[in-house]
Amino acid sequence: MPVAPTPPLSPPAPSIADRLLAHYDAHARTLPWRIRPGSTQQPDPYRVWLSEIMLQQTTVAAVIPYFDTFTRRWPTVDALADAADADVMAAWAGLGYYARARNLLACARVVAGEQRGRFPDSEAGLRALPGVGAYTAAAIAAIAFGQRAVVVDANVERVVARLFAIGTPLPAARPAIRTAADSITPNERAGDFAQAMMDLGSSLCTPRNPQCLLCPLRSDCRAAQSGDPAAYPVKPAKGEKPRRTGTVWWLERDDGQVWIEQRPAKRMLGGMRGLPGTDWDSRTSWQQTAPPPLAGPWQALNSPVEHVFSHFALTLTVERLRVAQQSDCLPGGDGEWWPLASLADAGLPGVFAKVARLALRENA
DNA sequence: GACTCGTGGCG
DNA sequence: TCGCCAAGAGT
């Protein structure tokens with residue numbers, strides 16, 4: 001029986017991952033925590049972990065100086081585990097979402113203690129650490145340990161929703177998005193693939209005005225073909241931000257020190273230093289909730305402080321009182337006198353730093 | 001699932 | 001100017 005000549009095999013068409021990785025090899029950003037794509041060098045799990053925690057809901061530009069400071073001051077997870085809580089919290093000040101800093105320390109101490117300084121190399125092991133959720137566990141497993149993991153953050157969510165034109169509104173679309181992301185995740189170079197997806201989402205496949213003409217996945221993208229890629233993913237309508245009000249007490253001593261309080265460990269700005277004040281609420285006034293730390297002729301500053309948090313807007317009235325160093329009265333509460341000259345070292349969260357700037361400006 | 005939890009940049 | 005948004009996790 002004559003055998004028909006085998007037709008020459010055409011090479012398989014490049015997959016989505018192939019095209020994306022080729023684009024990444026040519027265009028990857030240089031970042032302090034990133035190993036050059038294709039390098040034989042192994043990433044340091046400590047630096048990958050630290051960067052991923054800092055990058056949660058936080059832009060690359062905001063993270064870079066903090067990452068540099070942390071890694072210079074605490075080069076290893078053991079060094080970080082040995083640090084004093086107050087030092088780490090103060091170093092985190094300004095970066096926001098302070099529960100991350102508390103969990104960062106708790107995680108470092110688990111790894112340094114129970115794991116002898118080694119991070120778990122499995123997604124499940126990582127997921128059990130404080131502050132490490134589904135996204136971060138997958139990202140570390142892929143980037144630091146080269147394991148195949150389905151890494152889905154807001155960038156990937158957007159890219160995948162567009163590639164597959166998933167029209168279900170978030171968050172109901174998440175299972176379908178995850179399945180679709182799984183279907184295009186390669187077995188090799190999973191870490192580079194994850195970072196390539198996130199780079200694509202932050203540079204070309206942006207929430208508004210995506211640059212489809214420059215996108216390596218344009219020919220695969222059903223949203224681009226639909227003509228309105230920015231319509232994906234479909235987001236739920238947002239409610240209005242409530243407004244809250246409160247009072248802050250700027251208690252200044254005539255030798256140039258201000259009364260700073262230590263906030264309780266949980267809840268908003270927990271574990272950070274702050275200025276004394278009332279609760280922030282729309283219903284109550286400070287007369288009912290909390291007295292000032294000292295009785296005296298408190299005087300309101302001319303302008304209030306406005307600050308917008310993730311889930312409410314705040315208007316703070318700043319009341320000022322100057323007392324003599326020798327004053328018999330001591331403020332109540334868990335706090336300390338802090339020199340105005342080195343107030344920047346106190347590590348105040350943004351809202352209190354704003355109050356301090358106003359109080360010092362109106363001092364002049 | 002729905003809330004809570006910061007901050008800075010950008011269109 | 002101002003709402004939207006960012007490499008989410010914990011409760």
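A quick note: this is a predicted structure, and the numbers were derived from the prediction, not measured. Labels below follow one simple rule: chain letters A, B, ... track the order of the sequence lines, proteins then strands, and each chain is numbered from 1.
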Enquirer: Considering just the side-chain nitrogens and oxygens of A:R34, establish if one lies under 4.0 Å of OP1 or OP2 belonging to C:dA7.
Expert: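 No, no such contact exists.
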
Enquirer: What's A:W49 touching, base or sugar-phosphate or nothing? Going by heavy atoms closer than 4.0 Å.
Expert: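 No contact.
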
Enquirer: Considering only side-chain heavy atoms of A:R267, which listed nucleotide, C:dC5, C:dA7, B:dC5, is closest?
Expert: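 Selected nucleotide: B:dC5.
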
Enquirer: In terms of the angle between their ring planes, are A:F70 and A:W92 parallel, tilted or perpendicular, with boundaries placed at 30° and 60°?
Expert: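 Because their plane-to-plane angle is over 60°, the rings of A:F70 and A:W92 count as perpendicular.
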
Enquirer: Using side-chain contact (heavy atoms from CB on, under 4.5 Å) as the criterion, list what pairs up with A:A230, not counting sequence neighbours.
Expert: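 Partners of A:A230 by the side-chain contact (heavy atoms from CB on, under 4.5 Å) criterion, ordered by chain and then number, come out as A:R162, A:P210, A:D228.
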
Enquirer: side-chain contact (heavy atoms from CB on, under 4.5 Å) with A:S15: which residues, sequence neighbours excluded?
Expert: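 A:S15 satisfies side-chain contact (heavy atoms from CB on, under 4.5 Å) with A:A17, A:D18 once adjacent residues are dropped.
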
Enquirer: Between A:D182 and A:R148, does at least one N-O distance fall below 4.0 Å, as a salt bridge requires?
Expert: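 Counted as a salt bridge, because a side-chain N and a carboxylate O are separated by less than 4.0 Å.
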
Enquirer: Categorize A:A194 for me: base, sugar-phosphate, or nothing, with a 4.0 angstrom heavy-atom threshold over every strand shown.
Expert: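 No contact.
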
Enquirer: Using the closest heavy atom to pick a nucleotide of DNA chain C for each, name whichever of A:S202 or A:R127 lands nearer the 5' end.
Expert: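 In this pair, the answer is A:S202.
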
Enquirer: How far does the P atom of C:dA7 sit from the matching atom of B:dC5, given to the nearest Å?
Expert: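 The same atom, P, in both gives a distance of 23 Å.
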
Enquirer: Does A:T136 reach a base, just sugar-phosphate, or nothing at all? Heavy atoms under 4.0 Å.
Expert: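 Result for A:T136 = sugar-phosphate.
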
Enquirer: What N/O pairs connect the protein and nucleotides 7-11 of chain B at under 3.5 Å? Give each pair on its own line.
Expert:
residue, atom, partner, partner atom, Å
B:dT7, OP1, A:Y98, OH, 2.8
B:dT7, OP1, A:G350, N, 2.4
B:dT7, OP2, A:H307, NE2, 2.9

Enquirer: So, is A:H311 close to the B:dT4 phosphate, meaning a side-chain N or O under 4.0 Å from OP1 or OP2?
Expert: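 Negative; the distance criterion is not met.
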
Enquirer: Could you tell me whether A:R29 contacts a base, only the sugar-phosphate backbone, or nothing, with contacts defined as non-hydrogen atoms closer than 4.0 Å?
Expert: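 It contacts base atoms.
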
Enquirer: Would you please classify the geometry between the A:F309 ring and the A:H307 ring as parallel, tilted or perpendicular, with 30° and 60° separating the classes?
Expert: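 A:H307 and A:F309: perpendicular rings.
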
Enquirer: Check DNA chain B against residues 163-176 of chain A and give the residues with a non-hydrogen atom under 4.0 Å, in numerical order.
Expert: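 Under 4.0 Å from DNA chain B: no residue of residues 163-176 of chain A.
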
Enquirer: Who are the side-chain contact (heavy atoms from CB on, under 4.5 Å) partners of A:P32, not counting sequence neighbours?
Expert: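 A:I64, A:F67, A:D68.
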
Enquirer: Looking at A:D220 and A:R19, is there a salt bridge between them, counting it only when a charged N and a carboxylate O are closer than 4.0 Å?
Expert: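 Yes, charged N to carboxylate O under 4.0 Å.
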
Enquirer: List, by chain and then residue number, the residues other than A:V234 in its hydrophobic cluster (Ile/Leu/Val/Met/Phe/Trp/Tyr, side-chain heavy atoms under 4.5 Å); write none if there are no others.
Expert: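 Besides A:V234, the cluster holds no residue at all.
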
Enquirer: Determine the minimum heavy-atom distance between A:A144 and A:P45, stating which atoms define it.
Expert: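 Closest approach of A:A144 to A:P45: CB-CA, 4.0 Å.
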
